[in-house]
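We name chains A, B, ... by the order of the sequence lines, and we start the count at 1 in each one.
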Amino acid sequence: TVTYNSLVSGLAKAGQMKAACELFDEMEEQGYCPDIYTYNSLFIGFGRTGQLDGLYQFFDKMKQENITPDIVTYNSIISAFEKAGQWKEACELFDQLELAGCFPDVFTFNTLIHGLSKGGQVEQACRIFKSMPLKGCAPDVVTYNSLINGLGKTGKFRRACRLFREMKEKSLAPDVFTYSTMIAVLGKKGEVGKALQLMEEMRIGGCNPNLVTYNILLSVLCKSGKLQTAMEQFRDMSSKGLSPDVVSYNCLLHGFGQAGLTGEALMLFDSMKQSGCIPNVVTYNSLIAGLVREKTPKSARRRVLVVKQVNLPFADDTCDSLAKSYVEFDQVEKACQLMEEMMHSGCAPDVISYNSLISLLCKQGKLEKTFEYLAQMKQRGCCPNVVTYNSIFSRLPKALLVENVYQLLESMKEDGCTPD
RNA sequence: ACAUUUUUAUCAUCUCCUG
């Protein structure tokens, strides 16, 4: 039974619910009795894949077999609700726990607090947090981490910082999650210097930043336009044996794009691929968004200056050769090229990819291409939305718009799209 | 004795509006 349980758990965690259920059947056929562990494993799997119906089905089966759900069962179900965005149902179950003869443990609270935060109910999460001691349950690091994150995401920075202080006062040692979250919080608050300080503080505390920590930091630095510092950290992480992943590159690419350095972004993109890092939709979308943003290409000299300052990994060439590589490129052409590359590399463009591209096309008055891509996105099962049409209406030069307004409104109707 | 189940952090977000 334990062997089967391990296997079922493995499959469930990997989201292979079909295989997990088959194994469950096989188990019964072989005369083994699925126990609470088996069921709980299935519940977590159904929760992760959002298959609440499967979950209900096995929950009933479990009761028929006279197996009493335990706290782990309920925690898994609460987590499943939470992942499906059903925080109300999660709360209801939580309220009924004691009636079922089960007492919430720290996992229950943590799951609930996390779920409420994600569901935009931070205040409710705070109330639950405050009720913990009354229920004889002491908050742990995870509790604090979840709530700090929830508060930070909704801009309640002071309270997030206060909790960070509070946990230290309680001598609950902050972990990598805590520090990473706090770096994000400080960054969002605009206190980039403090975020960098925290990197030091955590090292001193014997907690080493990991890949996610660095990625958060890169994101923070890029969003505040500190590209040079971002590149420093980028190199620093490599020297510490952490190889940058897609997210790391995506942060930088976005940063360059937003700073109007699309040429540089494209070069970094090349070096990303050379280093064996596989681009994803976000990568392409960021690049395209950068191309849309770019207004007037900066002069070659100016660009060289910026690049030297930022010290790109590939910038060891002479200024001259750098300047040469900045021959003007056509944004539209480049963006379309990226779309092609994207599809050929097995990465399906999404609504956002198309919307960005269309926005660029409209801005430049490329009517034909706009319609071409509008048709293509429909063909590929990517339904245009309000944003698609809004960007057409607002960015297409008026003269062109007037000629095509009926066709566009018609197309909009087809797509089940209502003007807002 | 050990072993199987539950919770936390990172990327683009695209148009318009507001800031």
Side-chain angles (χ1 to χ4, degrees), chain A residues 1-10 12-13 35-45 47-48 70-80 82 105-115 117-118 140-150 152-153 175-185 187 210-220 222-223 245-255 257-258 280-290 292-293 350-360 362-363 385-395 419-420:
Chain A
T1 304
V2 171
T3 314
Y4 271 108
N5 284 349
S6 304
L7 291 171
V8 170
S9 163
K13 274 190 178 164
D35 62 7
I36 184 89
Y37 285 95
T38 326
Y39 281 102
N40 287 348
S41 299
L42 286 179
F43 295 148
I44 174 69
R48 285 190 191 183
D70 65 1
I71 187 64
V72 175
T73 314
Y74 289 116
N75 290 346
S76 307
I77 299 179
I78 290 177
S79 169
E82 170 263 278
D105 61 6
V106 71
F107 283 92
T108 321
F109 284 105
N110 291 348
T111 310
L112 200 61
I113 287 172
H114 172 250
S117 297
K118 286 271 180 277
D140 65 5
V141 200
V142 176
T143 323
Y144 276 98
N145 292 349
S146 303
L147 201 55
I148 290 175
N149 186 42
K153 286 260 148 67
D175 63 6
V176 215
F177 283 72
T178 322
Y179 283 112
S180 306
T181 308
M182 277 308 297
I183 289 172
V185 169
N210 62 18
L211 183 56
V212 174
T213 319
Y214 272 102
N215 286 346
I216 293 176
L217 185 66
L218 289 180
S219 161
V220 160
C222 287
K223 279 191 181 133
D245 67 357
V246 219
V247 176
S248 325
Y249 278 105
N250 288 348
C251 292
L252 292 171
L253 291 174
H254 176 237
Q258 295 307 302
N280 61 18
V281 210
V282 176
T283 317
Y284 287 104
N285 288 354
S286 305
L287 283 168
I288 296 174
V292 181
R293 173 172 205 87
D350 62 9
V351 210
I352 296 183
S353 324
Y354 282 107
N355 286 352
S356 305
L357 180 61
I358 286 175
S359 160
L360 175 63
C362 291
K363 201 167 85 171
N385 57 21
V386 212
V387 176
T388 319
Y389 288 104
N390 280 350
S391 70
I392 294 176
F393 288 133
S394 65
R395 303 190 87 152
D420 67 3

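Partners of Y144(A) by ring-ring contact (aromatic ring centres under 6.0 Å, His included), not counting sequence neighbours, listed by chain and number: F129(A). Listed by chain and residue number, I358(A), C362(A), T370(A), L374(A), Y389(A), L396(A), L408(A) satisfy the side chain to side chain contact (heavy atoms under 4.5 Å, CB included) test with I392(A) (two or more places apart in sequence, or in another chain). Taking Y37(A) as the reference, nothing meets the ring-ring contact (aromatic ring centres under 6.0 Å, His included) condition, with sequence neighbours excluded. Residues meeting the side chain to side chain contact (heavy atoms under 4.5 Å, CB included) test with K118(A), sequence neighbours left out: H114(A), N149(A). S356(A) pairs by the side chain to side chain contact (heavy atoms under 4.5 Å, CB included) definition with I288(A), V292(A), I352(A), not counting sequence neighbours. In this view, Y74(A) satisfies the ring-ring contact (aromatic ring centres under 6.0 Å, His included) rule with no residue, not counting sequence neighbours. Residues forming a side chain to side chain contact (heavy atoms under 4.5 Å, CB included) with T108(A) (at least two apart in sequence, or on another chain): I71(A), N75(A), I78(A), F94(A), L97(A), P104(A), D105(A).
Within the 4.5 Å cutoff, no side-chain heavy atoms of V282(A) are placed close to those of V246(A).
Among the nucleotides U15(B), U8(B), U4(B), the one closest to any side-chain atom of S6(A) is U4(B). For S394(A), taking side-chain heavy atoms from C-beta onward, the closest of the listed nucleotides C14(B), U8(B), C16(B) is C16(B).
Taking 4.0 angstrom as the limit, K118(A) places a side-chain polar atom (N or O) nearer than this to OP1 or OP2 of A9(B). OP1 or OP2 of A12(B) has at least one side-chain nitrogen or oxygen of K223(A) nearer than 4.0 Å.
One interatomic measurement links the two molecules: CD1 of I183(A) to P of A9(B), which rounds to 15 Å at whole-angstrom precision. In this structure, CG of L360(A) is placed 20 Å from P of A12(B), rounded to the nearest angstrom. The separation between D35(A) atom CG and A3(B) atom P is 16 Å, rounded to whole Å. The CG atom of L112(A) sits 13 Å away from the P atom of U8(B) (whole-angstrom rounding). Look at CG on L357(A): it is 11 Å from C1' on C14(B), rounded to the nearest Å. For the pair L253(A) CG and A12(B) P, the computed distance is 12 Å after rounding to whole Å. Spacing between atom CZ of F393(A) and atom C1' of C14(B) amounts to 17 Å, rounded to whole angstrom units. Separating the CD1 atom of I358(A) from the C1' atom of C16(B) is a distance of 16 Å, rounded to the nearest angstrom.
With S146(A) contributing its side chain and V142(A) its backbone, the two residues share a donor-acceptor pair below 3.5 Å. The backbone N or O of K363(A) lies less than 3.5 Å from no partner atom in the side chain of R395(A), so there is not a single donor-acceptor pair.
Judged by distance alone, with hydrogens and angles left aside, N215(A) brings no side-chain donor or acceptor close enough to the base of A9(B) to form a pair under 3.5 Å. In the interface, the side chain of N355(A) is paired with the base of C14(B) through a donor and an acceptor atom under 3.5 Å apart.
Contacts of S356(A) with the nucleic acid, taken as non-hydrogen atoms under 4.0 Å apart, involve only primed sugar atoms and P, OP1 or OP2.
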Could you list the protein-to-nucleotides 5-7 of chain B atom pairs, N/O on both sides, closer than 3.5 Å?
| unit_1 | atom_1 | unit_2 | atom_2 | d |
| --- | --- | --- | --- | --- |
| U5(B) | OP1 | K13(A) | NZ | 3.3 |
| U5(B) | O2 | N40(A) | ND2 | 2.6 |
| U6(B) | O2 | N75(A) | ND2 | 2.6 |
| U7(B) | O4' | T111(A) | OG1 | 3.3 |
| U7(B) | O2 | N110(A) | ND2 | 2.6 |

N/O contacts under 3.5 Å, protein versus nucleotides 17-19 of chain B?
none

